[in-house]
Amino acid sequence: MFFNSIEYFLFLPAIYLIFYFTPDRFRWIVLLSGSIFFYASLMQPYLLLVLFGVMLATYVFGKLIAARSEEKEKKRLFWIGAGINLAILVGMKYLPFITENLDLLLKAIFGKSVIPISPVIVSIGVSFYVFQAISYLSDIYLEIQEPERHFGYFALYISFFPKILQGPIERANSLLPQLKKPYEFNYDNMRSGLLLFTWGLFKKVVIADRLAVLVNTVYGNVSAYTGLPLIVATYAYAIQIYMDFSGYTDMALGTARLFNINLTDNFNRPYLATSVAEFWRRWHISFSSWLQDYLFKPLQMRMRNWKSWGSVLALLITFFISGLWHGAAWTFVIWGLLHGLYMAVAVLYKPLQKKIYKKLKLNGTKILKLWKIIITFNLVSFAWIFFRAESLRDASRVITNLFTGLGTQLGSLSMLTESLKLGLGKFDLAVAAFSLVIMIVLEFTNKANNEHLLRLQKKPIYFRWVVYYLLVMWIALFSATGSQEFVYFRF
């Protein structure tokens with residue numbers, strides 16, 4: 001059961017109505033039961049065992065850490081608790097990758113297979129709630145957060161259904177108090193939540209799913225294409241993954257808002273970032289802030305005597321782990337390292353960069369800002385090649401053939417038309433292009449993420465509902481390409 005499914009459209013009003021008519025002291029039971037049912041709908045029973053294991057281990061060790069006064073003992077318990085969670089994550093996501101690469105190494109040494117390859121295991125949502133569990137233990141250890149005594153509320157904090165599959169990765173001091181707050185019907189939250197959900201659905205099914213057809217056509221058979229199709233598919237993937245993931249986040253935030261719960265906004269117009277560092281402050285915000293607070297800053301502090309080189313090494317380690325978190329494949333590792341390398345070079349290059357901009361009198365100019373946005377977008381899009389490619393070989397083929405035959409393709413109208421036949425019909429291509437123009441205009445004209453929705457709420461009621469229903473009709477009429485799985489369900 002996913003956000004863009006008929007089952008979810010039936011589940012959400014049902015769980016809300018039960019929640020609404022239940023007394024406050026029992027509402028946590030409704031939400032927890034609904035969350036377990038939602039996760040169980042994935043039809044992978046072992047996922048429920050994993051979820052319960054993470055809940056129980058984190059709850060117990062959170063209380064044990066808080067009960068100790070000696071620093072050494074607290075640290076030992078924290079590492080045991082975090083280690084259990086990491087072991088669960090490694091076992092679920094990385095065991096096939098580890099055994100496959102270990103077998104390749106041993107085969108090179110002994111000339112034959114030595115260990116059996118572990119089967120691939122479905123691990124939807126595990127990465128997100130394991131990281132959330134580790135942040136909970138860390139905050140207790142650092143005495144930022146008191147341990148939650150009520151196991152029911154703690155279990156709900158870990159498993160709250162709008163965010164369990166793809167985040168956001170919520171901190172305990174933000175989400176737990178909201179789960180305990182008495183519910184009062186709020187018309188503004190209901191209206192804005194439904195509108196935000198619909199907006200996310202529009203991003204997903206009208207734009208992302210259409211672009212997915214184009215991207216899958218090319219990246220599913222990269223050896224058949226050169227030049228323009230590879231460039232178009234790479235840029236299309238950059239847009240697809242943003243519309244897909246931010247669309248999911250909008251639907252998650254919209255759903256939670258129906259229950260008067262505000263989740264972390266995971267995106268803030270990331271493709272308008274003027275540097276890769278700023279991109280990560282705008283992209284998957286809950287994850288990037290987790291990396292910064294629990295990984296990069298501690299590493300940077302340990303290496304502070306190395307000055308800039310300490311920051312460089314901390315960045316490379318952080319983004320190496322970021323790549324591994326996204327998937328057990330060398331393509332993800334290289335994707336992560338590329339982002340780390342971009343930011344490391346920026347750290348070392350910054351003093352020279354300031355001198356150049358000052359010399360050319362470019363500081364504060366719009367042309368410099370636009371140039372930075374273009375460069376950043378292209379750097380990020382280049383890294384997406386490794387993120388999307390099925391293998392390192394496919395990624396290498398894409399990169400080495402990006403400009404092969406490009407001049408000929410652009411020089412002939414017939415060849416240009418032929419090279420752009422990438423699986424999408426004319427109608428679907430027109431719908432995607434028109435919708436994309438709308439999104440780009442909104443990205444550039446809004447000062448804050450989803451500001452257009454905030455402005456819409458201030459309009460007269462007849463105007464709001466006309467626009468809202470037009471959006472619903474647009475989704476119903478123009479989402480006929482077939483539902484595509486959310487990209488981040490892989491992670």
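Starting from 1, each residue takes its place in the sequence as its number.
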Beyond-backbone contact of [X] with [Y], side-chain heavy atoms, under 4.5 angstrom:
X    : Y    : value
L31  : F19  : yes
T376 : E278 : no
L201 : M251 : yes
W306 : V312 : no
W325 : S127 : yes
S41  : E7   : no
S33  : I36  : no
D139 : Y294 : yes

Donor on one side chain, acceptor on other, [X] and [Y], under 3.5 Å:
X    : Y    : answer
Y157 : Q178 : no
N378 : Y235 : yes
T58  : N85  : yes
N216 : R388 : yes
N221 : S223 : yes

Quiz item: Could you go step by step and tell me if T264 and K163 meet the side chain to side chain contact (heavy atoms under 4.5 Å, CB included) rule?
Solution: CA-CA 10 Å; T264 303; K163 58 87 185 166; over 6 Å; no
Once rounded to the nearest 0.5 Å, what's the spacing between atom [atom1] of [X] and atom [atom2] of [Y]?
X    : Y    : atom1 : atom2 : value
Y219 : E390 : OH    : CD    : 10.5 Å
L12  : L194 : CG    : CG    : 8.0 Å
F78  : L137 : CZ    : CG    : 6.5 Å
L156 : H150 : CG    : NE2   : 10.0 Å
K203 : T198 : NZ    : OG1   : 12.5 Å
I84  : L89  : CD1   : CG    : 14.0 Å

Quiz prompt | Residue pairs involving residues 164-178 (criterion salt bridge (charged side-chain N to carboxylate O under 4.0 Å, His left out); sequence neighbours excluded) | solution =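 Every pair satisfying salt bridge (charged side-chain N to carboxylate O under 4.0 Å, His left out) with a residue in residues 164-178: R171-D293.
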Exercise. Could you name each residue pair satisfying salt bridge (charged side-chain N to carboxylate O under 4.0 Å, His left out) that touches residues 76-91, not counting sequence neighbours?
Key: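 Sorted result for residues 76-91: E73-R76.
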Ring centroid separation for [X] and [Y], is it under 6.0 angstrom?
X    : Y    : result
Y242 : Y271 : yes
W384 : W283 : yes
Y248 : F3   : yes
F387 : F332 : yes

Self-check item: Geometric cation-pi criterion, K204 with F486: 6.0 Å, 45°
Solution: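 Yes, K204 sits over the ring of F486.
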Quiz item: Which residues pass the side chain to side chain contact (heavy atoms under 4.5 Å, CB included) test with L291, sequence neighbours left out?
Solution: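 Here the qualifying residues are F287, L295, T318, S322.
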Self-check item: Audit row: D265, I285, side chain to side chain contact (heavy atoms under 4.5 Å, CB included) steps and yes/no
Solution: CA-CA 7 Å; D265 195 344; I285 295 169; 5.6 Å; no
Residues, nucleotides or ligands: over 12 heavy atoms within 6.0 Å of [X] [atom1]:
X    : atom1 : answer
F9   : CZ    : yes
Y20  : OH    : no
E71  : CD    : yes
R302 : CZ    : no

Quiz prompt | Check against side chain to side chain contact (heavy atoms under 4.5 Å, CB included), L379 and F279 | solution = CA-CA 11 Å; L379 288 173; F279 170 82; over 6 Å; no
Practice problem: Verify side-chain hydrogen bond (donor to acceptor under 3.5 Å, both in side chains) between N186 and N260, making sure each step is shown before the conclusion. | Solution: CA-CA 7 Å; N186 186 309; N260 290 347; 4.9 Å; no
Quiz prompt | Option among Y342, F319, F267 that satisfies the ring-ring contact (aromatic ring centres under 6.0 Å, His included) test with W280 | solution =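 With W280 as partner, Y342, F319, F267 yield a single ring-ring contact (aromatic ring centres under 6.0 Å, His included), made by F319.
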Practice problem: Evaluate the criterion side chain to side chain contact (heavy atoms under 4.5 Å, CB included) for residue pair I164 and S35; output intermediate values, then yes/no. | Solution: CA-CA 8 Å; I164 190 173; S35 298; over 6 Å; no
[X] side chain to [Y] backbone, donor-acceptor under 3.5 Å:
X    : Y    : result
N266 : G167 : no
T234 : L230 : yes
W290 : F131 : yes

Exercise. List the steps, then state whether side-chain hydrogen bond (donor to acceptor under 3.5 Å, both in side chains) holds for Y39 with Y129.
Key: CA-CA 12 Å; Y39 202 47; Y129 58 73; 3.2 Å; yes
Practice problem: Determine the interplanar angle of the Y153 and W28 rings, folded into 0 to 90°, and report it as parallel if under 30°, tilted if 30 to 60°, perpendicular if over 60°. | Solution: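 Rings of Y153 and W28: tilted, 30 to 60°.
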